Amino acid sequence: MSKQALITGITGQDGAYLSRLLLNKGYEVYGLLARRGSDTLWRLRELGIEGEVKLIDGDLTDLSSLIRALEVSKAQEVYNLGAQSFVGTSWQQPVLTAQVDGVGAINVLEAVRIVNPKARFYQASTSEMFGLIQAEKQDETTPFYPRSPYGVAKLMAHWATVNYRESHGLHASSGILFNHESPLRGIEFVTRKVTHAVASIKLGRQKELRLGNIDAKRDWGFAGDYVEAMWLMLQQEQADDYVVATGKTTTVRDMCEIAFAHVGLTLQEHVVIDPNFFRPAEVDVLLGNPAKAEAKLGWAPKTSLVQLITMMVDADMRRLKV
Ligand code: NAP
Ligand code: GDD
């Protein structure tokens, strides 16, 4: 008997990789489709699974659509990955971000509580909640200090997940995931912006790359590895919260150098610092400690930053050559 899973944010980076993982494990995969763009299915298509997932119209801000999605899918596992996930935009759209990322998560928790309180729930929490870091290496015990409307909204969703576990007994887990990237990353995020520009410069279509704070440091991993941790969390007898990270941090500058060097170019020749890309409040450094996930879930990252960035540059070179 196959299991049913429902994924909000199925058209996003993580939704696509998680769908592939669950399909490979024999799940029937349902996804909430918000129909927000003209070609939202491109990631599922790139992974060759567009026709294998079942899409249900709905929106995180519409509780009735979530109740319907739970009823139609009969999901035993619900992964809440849907979000306005770009930190920069959250200063321009703070209310929408709060509604989708904060209240939206509560809507999914309510739908689970109402339709099938035995279903297991995963919340896509984030290292952005650590913001102005309160410990050199962040783990599940580190106090939060969000620095963006996005971080604030995600913190609401995070505590709601803990609260539904403690007050309603839901099997609700939160994955505090540090930055994870892939060839399916949205082009607004810095790694993909860089790899796309590097490929474009190499092919003679672009001359410069404009960036903001390249001294910021992030703990970057591969999305394909991180979705395995999500699934493992829902297979545990007890719901819990886990940091998922590599335990290494790198500056945006050094990440860029990896990308340029891969095609025989240098950052100095092509990168221009543009104040427009600086943020009103920055998260200067993130560095996660994934010891709990390693010990309890048996999870460990498999892909190095060099492997990740070169994989992304190669994918962008292939796309641009077509
Ligand atoms: P993503 O590529 O931006 O995908 C976001 C998804 O949410 C898309 O499918 C989008 O649909 C959907 N969505 C947006 N607004 C919605 C709404 N109102 N109702 C229903 N769906 C909506 O993000 P990602 O990188 O895959 O990240 C997945 C989740 O993990 C997000 O919650 C993100 O905040 C969180 N997270 C990500 C990282 C990371 O480094 N990637 C780290 C920690 C946490 P459209 O395609 O229609 O826009
Ligand atoms: N996007 C972007 N564009 N970022 C830039 C640029 C630029 O031109 N120049 C410098 N940066 C810096 C940002 O200021 C930030 O310090 C860092 O690069 C990473 O930015 P993003 O790639 O946009 O990611 P993020 O860390 O803000 O947020 C991502 O990771 C979070 C987990 O920590 C997103 O995926 C969030 O959804 C996720 O929760």
Side-chain angles (χ1 to χ4, degrees), residues 7-18 31-44 57-62 65-66 69 79-90 96-97 99-101 103-105 107-108 122-131 138 146-148 150-151 153-154 157-158 174-182 184-194 197 209-223 226-227 230 244-245 251-253 255-256 271-286 288:
I7 303 174
T8 74
I10 193 165
T11 55
Q13 169 189 258
D14 293 6
Y17 283 110
L18 180 63
L32 191 78
L33 183 64
R35 295 200 188 280
R36 293 150 29 85
S38 56
D39 186 21
T40 50
L41 301 181
W42 69 272
R43 294 184 172 95
L44 296 167
D57 283 342
D59 194 286
L60 283 166
T61 58
D62 180 350
S65 73
L66 295 168
Y79 296 86
N80 183 35
L81 310 185
Q84 188 301 97
S85 75
F86 187 48
V87 173
T89 293
S90 74
L96 176 110
T97 303
Q99 281 164 343
V100 175
D101 300 12
V103 178
N107 281 337
V108 183
Y122 173 85
Q123 169 59 23
S125 283
T126 164
S127 49
E128 186 70 16
M129 302 186 308
F130 293 121
Q138 301 90 55
R147 292 271 280 171
S148 62
Y150 168 80
K154 281 286 187 176
H158 178 75
S174 226
I176 307 173
L177 270 54
F178 283 61
N179 299 51
H180 46 279
E181 321 291 313
S182 73
L184 302 185
R185 188 58 145 149
I187 204 147
E188 64 274 35
F189 300 94
V190 75
T191 52
R192 179 79 203 294
K193 180 174 172 180
V194 167
L209 165 61
R210 303 186 83 82
L211 292 174
N213 176 18
I214 61 172
D215 293 321
K217 294 173 103 177
R218 288 293 182 275
D219 179 332
W220 277 296
F222 172 47
Y226 284 34
V227 296
M230 298 177 186
V244 177
T251 59
V252 172
R253 181 196 312 274
M255 177 273 293
C256 273
V271 169
V272 175
I273 300 303
D274 183 337
N276 288 318
F277 292 108
F278 281 74
R279 293 174 177 177
E282 177 63 287
V283 172
D284 295 317
V285 51
L286 289 173

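What you see is a predicted model, and the numbers here were worked out from it, not measured in a lab. First listed ligand is number 1; within each ligand, the first listed atom is number 1. In this chain, residues are counted from 1 in sequence order.
Annotation: side chain to side chain contact (heavy atoms under 4.5 Å, CB included) contacts of Asp59 (sequence neighbours excluded): Ala34, Thr61, Asp62.
At least one heavy atom of Arg185 sits under 4.0 Å from some atom of ligand 2. At least one heavy atom of Tyr150 lies less than 4.0 angstrom from ligand 2.
Of the N and O atoms on the side chains of Gln84 and Thr97, at least one donor lies less than 3.5 Å from an acceptor on the other residue. Side-chain contact annotation: Thr11 with Thr40, donor-acceptor N/O pair under 3.5 Å absent. For Ser148 and Glu128, the side-chain atoms include at least one donor-acceptor pair closer than 3.5 Å.
Ligand 1 lies under 4.0 Å from heavy atoms of Gly9, Thr11, Gly12, Gln13, Asp14, Ala34, Arg36, Thr40, Asp59, Leu60, Leu81, Gly82, Ala83, Ser85, Val100, Ala124, Ser125, Thr126, Tyr150, Lys154, Leu177, Phe178, Asn179, His180, Arg185.
In terms of modelled atom types and a separation under 3.5 Å, the side chain of Thr251 and the main chain of Ala216 share no donor-acceptor contact. Asp274 places no side-chain N or O within 3.5 Å of a backbone atom of Arg210 that could act as its donor or acceptor partner. No side-chain donor-acceptor contact under 3.5 Å links Arg185 to the backbone of Arg192.
For atom 25 (P) of ligand 2, the closest non-hydrogen atom of the protein is Asn179 ND2, 3.7 Å. Among protein heavy atoms, atom 14 (O) of ligand 2 sits closest to Glu282 OE2, 2.6 Å. Taking atom 5 (C) of ligand 2 as the reference point, the nearest protein heavy-atom neighbour is Val190 CG2, 3.6 Å.
Closest heavy-atom approach to atom 23 (O) of ligand 2 within the set Glu188, Arg279, Arg192, Lys193: this belongs to Arg279.
At a 4.0 Å heavy-atom cut-off, ligand 2 touches Val87 through the side chain alone. Residue contacts with ligand 2 for Ser85 involve both N, CA, C or O and side-chain atoms from C-beta outward (heavy atoms, distance under 4.0 Å). Under 4.0 Å from ligand 2, the heavy atoms of Phe277 that appear belong solely to its side chain.
One finds the OH atom of Tyr226 at 8.5 Å from the CZ atom of Phe178 (value rounded to the nearest 0.5 Å).
Salt bridge annotation for Arg253-Asp215: present, with a cationic side-chain nitrogen under 4.0 angstrom from a carboxylate oxygen. With respect to the salt-bridge test (charged N to carboxylate O, under 4.0 angstrom), the residues Glu181 and Lys193 do not qualify.
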